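These numbers come from the heavy atoms of this one structure, side chains and all, not from hydrogens, waters or symmetry mates. Computed from a predicted model, the values in this text were never measured in an experiment.
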Amino acid sequence: DTSRRWRRFGGAPAEVYLVDDLAPTRAKLVALVVLSVALALGLRLVEQWRGASGADELTAHYYRMVRYHERVDANVEPGSALFFGDSLIQGLNVAAVTPGAINYGIGQDTTEGLKLRISNYDSLQTARVVVLSVGINDVFFRSLDGVIDNYRQIIDSVSGPLVISAVMPTTKSEWNEQSVLVNRELERMASERSETAFVNLWDAVSASETGLLADAFHVGDGVHLNEKAASLWIDALRAAIDQVVPGASERTASATMAHP
């Protein structure tokens, strides 16, 4: 039978097997299919584990920035305004909001990252006001309950005047769904705490028909605010700070006149 051949395996002459010529090819194909399925399932499990454990949540950039902040914090004067958050805060000109503003934003940060680092800032104990804006990246790592639990712990770390800025909209409706629910809880939590203001810019920068971040207000990536949106945010934050720290806006105006 020409479709079959004898193939020798091992060193002993007696170890011979009758093997179909097509069998190796079929076996390889089956093995490749099984391997592909196993790899896909494995990657999916790893992805889920990372989301649950935060393995990729606290990045190398996060740790570099925390070390940088430690050096900055050593020279922060009492009575400063501290801004904590993710890339939206990191990219905001906080000096335009209020005098003595310190930017402690870290790109890609989450409520988990902020919860873990906020107590390390000694300046928190002498701050005039603290501004929080974080949560947009949490959609990749935790549920609504997880975000709110982290926020409670973050807020508990602040003893003085506080401004909580709502999670901003994006152009992704599936991301916005959780953010809307987070914002409702944040507004409630702010209302139950003294010396606390809540800023929600959602309606001002979103398209009325969709609720998505409007093209006129982002830099082109559907997430980060452009100059126009940042200007609205600065004005809203300034007003909120003046609400919890009376006279803050007057000090801002005086500082601008003294340093044109």
Approximate separation, where rounding is to 0.5 Å, of [X] [atom1] and [Y] [atom2]:
X	Y	atom1	atom2	result
Leu114	Ile154	CG	CD1	4.0 Å
Thr98	Arg238	OG1	CZ	8.5 Å
Asn120	Arg67	CG	CZ	13.0 Å

[X] versus [Y]: any side-chain heavy-atom pair under 4.5 Å?
X	Y	value
Met189	Ile148	yes
Asn176	Thr171	no
Phe198	Leu186	yes
Val244	Val163	yes
Ile241	Val131	yes
Val76	Tyr104	yes
Glu195	Leu162	no
Pro169	Phe217	no

Just by distance, with hydrogens left out, do [X] and [Y] show a side-chain donor and acceptor under 3.5 Å apart?
X	Y	result
Thr59	Arg64	no
Asn150	Glu112	yes
Asp73	Ser123	yes
Asp149	Gln153	yes
Ser165	Trp233	yes
His218	Asp221	no

Enclosure of [X] [atom1] (heavy-atom neighbours >12, cutoff 6.0 Å):
X	atom1	value
Glu227	CD	no
Arg184	CZ	no
Glu174	CD	yes
Gln108	CD	no

When you measure from the side chain of [X] to the backbone N and O of [Y], does any donor-acceptor pair fall under 3.5 Å?
X	Y	result
Asn103	Leu92	yes
Asp138	Phe141	no
Thr210	Leu212	yes
Ser87	Gln90	no
Ser231	Ala229	no
Trp202	Gly211	yes

Which heavy atom of [X] sits nearest to which heavy atom of [Y], and what is that distance?
X	Y	value
Met168	Ile136	O-CD1, 3.9 Å
Ala236	Leu201	CB-CD1, 4.1 Å
Ile234	Ala96	CG2-O, 3.6 Å

request  = With salt bridge (charged side-chain N to carboxylate O under 4.0 Å, His left out) as the test, would you mind laying out the steps for Glu185 and Arg188 before giving the verdict?
outcome  = CA-CA 5 Å; Glu185 286 298 308; Arg188 182 187 60 78; 2.8 Å; yes
Connected via hydrophobic side-chain network under 4.5 Å: [X] and [Y]:
X	Y	value
Val180	Val182	no
Val219	Val223	no
Phe140	Val167	yes
Tyr68	Ile106	yes

When Ile118, Thr111, Val147, Ile164 are each screened for side-chain contact (heavy atoms from CB on, under 4.5 Å) with Val134, the one that passes is Thr111
### Task
Quick one: do Phe83 and Leu132 satisfy side-chain contact (heavy atoms from CB on, under 4.5 Å)? Show the steps, please.
CA-CA 6 Å; Phe83 288 72; Leu132 303 176; over 6 Å; no
**Derivation and outcome, side-chain contact (heavy atoms from CB on, under 4.5 Å), residues Asn137 and Asp109** = CA-CA 7 Å; Asn137 295 312; Asp109 204 3; 5.6 Å; no
Exercise. Any chance you could lay out the salt bridge (charged side-chain N to carboxylate O under 4.0 Å, His left out) test for Glu57 and Arg142, step after step, and finish with the verdict?
Key: CA-CA 11 Å; Glu57 185 172 359; Arg142 60 190 46 81; 2.8 Å; yes
Aromatic plane relationship, Tyr121 with His69 - under 30° parallel, 30 to 60° tilted, over 60° perpendicular: tilted
